[in-house]
2 protein chains.
Amino acid sequence: MRLTTKGRYAVTAMLDLAFHSQIKPVTLTDIAARQTISLSYLEQLFARLRRAGMVKGVRGPGGGYKLCRKTSDINIADIIAAVNEPLDSTKCGGEANCQKDQACLTHDLWMGLSEQIRDYLKGISLADLLEKNQVQEVAIRQHHDAQQVIEIYRHPD
Amino acid sequence: MRLTTKGRYAVTAMLDLAFHSQIKPVTLTDIAARQTISLSYLEQLFARLRRAGMVKGVRGPGGGYKLCRKTSDINIADIIAAVNEPLDSTKCGGEANCQKDQACLTHDLWMGLSEQIRDYLKGISLADLLEKNQVQEVAIRQHHDAQQVIEIYRHPD
DNA sequence: ACTTAACCTAGCAAAATAGTCAACTATTGT
DNA sequence: ACAATAGTTGACTATTTTGCTAGGTTAAGT
């Protein structure tokens, strides 16, 4: 389990998607604008997320991306694993050069630790994160903004 | 909290140090040989660990490095944090450009998650990891002893 | 003095990260 | 049918991080 900014980008984008794709698909352009991530970088990340079966692309006007599963069925560990290269189990990938070595022992130790972190992140879903914090405040504000837009369009004078 | 191979190297080296520095300081050359990490890279890592007050260097012949604290008082999160750059809190470092933005909210969300991981790793000490290692060694030794016992009982003459 | 090993500095190659550009294909509203 | 939208792909570039090399200086034991 590797934790870098790449994983953070992926989780952030998925959070954005989860939040905004309730009604209709969300374009990467929108996510890029909201989260200040470059569009093309997002394309790369979402290509991996799509291959991992986490999101689905909808083409044509009104298209975009939407989640394949419920937010409660998508966990953080899977998102991060999807955008990262499958970490090669390093030097002692079961080979003979590292059987009775102490290097292999500490390696096992680290692998165990890594596994614990993965399990920990597997226990946190998108829904958990969405539930937290002042996300609702944003909902209210954005609803308000949307209302204003409606007002403007309603009275175009 | 960032999790990369760099942090793994640091934890591995600290484990080696904790395991071998019971009697006298351990040279980086020894650790480099045992853990197959380049000497100079270890020097870089230990420079940071030293500045973080986790290890102490002893110069001259018979010198090397030793831990500043008990293994039970050294946790994994601190080791990893010591060798990593202090991650700039990114774009919205409390500035005005990101106050009511949604980008800042998801950022907060990620920071919260990161904090959870840090707390989790803070709860794991070197002593904890060593204990596991010890258990394994004991298991191996006991297996070996058991074999000898079997031998003895097989040829009791 | 001489050796040992920490400590320091600069630099470098490979990899990962982050982002750009351009061409292409599929879908849909009009 | 056609134009607009939006996903898809691949190649390409810049920056940062990683892991390592090579060369020193400094402190402490023999």
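Chain letters run A, B, ... following the sequence lines, proteins first and then strands; every chain starts at 1. Values below: all heavy atoms of this structure, side chains included; hydrogens, waters and symmetry mates excluded.
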When rounded to whole Å, the CG to C1' distance for the pair B:Leu39 and D:dG23 reads 13 Å
Residues of residues 21-29 of chain B with a heavy atom under 4.0 Å from any atom of DNA chain D, listed by number, are none
Sorted by chain and residue number, the side-chain contact (heavy atoms from CB on, under 4.5 Å) partners of B:Gln44 (sequence neighbours excluded) come out as B:Tyr41
Taken to the nearest whole Å, CZ/A:Arg48 to P/D:dT9 is 13 Å
A:Gln44 CD to D:dT13 C1', in whole Å, measures 12 Å
Hits for side-chain contact (heavy atoms from CB on, under 4.5 Å) against A:Asp73, two or more places apart or cross-chain, chain-then-number order -> A:Arg69, A:Lys70
CG of B:Leu17 to CD of B:Gln22, rounded to nearest 0.5 Å, is 9.5 Å
Considering only distance and modelled atom types, tabulate donor-acceptor pairs under 3.5 Å from the side chains of residues 74-82 of chain B, sequence neighbours left out.
unit_1: B:Asn75; atom_1: OD1; unit_2: B:Ala77; atom_2: N; d: 3.1
unit_1: B:Asn75; atom_1: OD1; unit_2: B:Asp78; atom_2: N; d: 2.8
unit_1: B:Asn75; atom_1: ND2; unit_2: B:Asp78; atom_2: OD2; d: 3.0
unit_1: B:Asp78; atom_1: OD1; unit_2: B:Lys122; atom_2: NZ; d: 2.9

Q: Looking at every strand, decide which applies to A:Phe46 at a 4.0 Å heavy-atom threshold: base, sugar-phosphate, or nothing.
A: nothing
Sequence neighbours excluded, the answer for side-chain contact (heavy atoms from CB on, under 4.5 Å) partners of B:Ser125 is B:Ala127, B:Asp128
Contact string for nucleotides 22-30 of chain C, one letter per nucleotide 5' to 3', B = base within protein heavy-atom range under 4.0 Å, S = sugar-phosphate only, - = neither, reads ----SBB--
By nearest-heavy-atom nucleotide on DNA chain D, the more 5' of A:Gly63 and A:Arg51 is A:Gly63
Between OH of B:Tyr41 and P of C:dA13 the distance, given in whole Å, is 18 Å
Rounded to whole Å, the CG-P distance (B:Leu42 to C:dA6) equals 10 Å
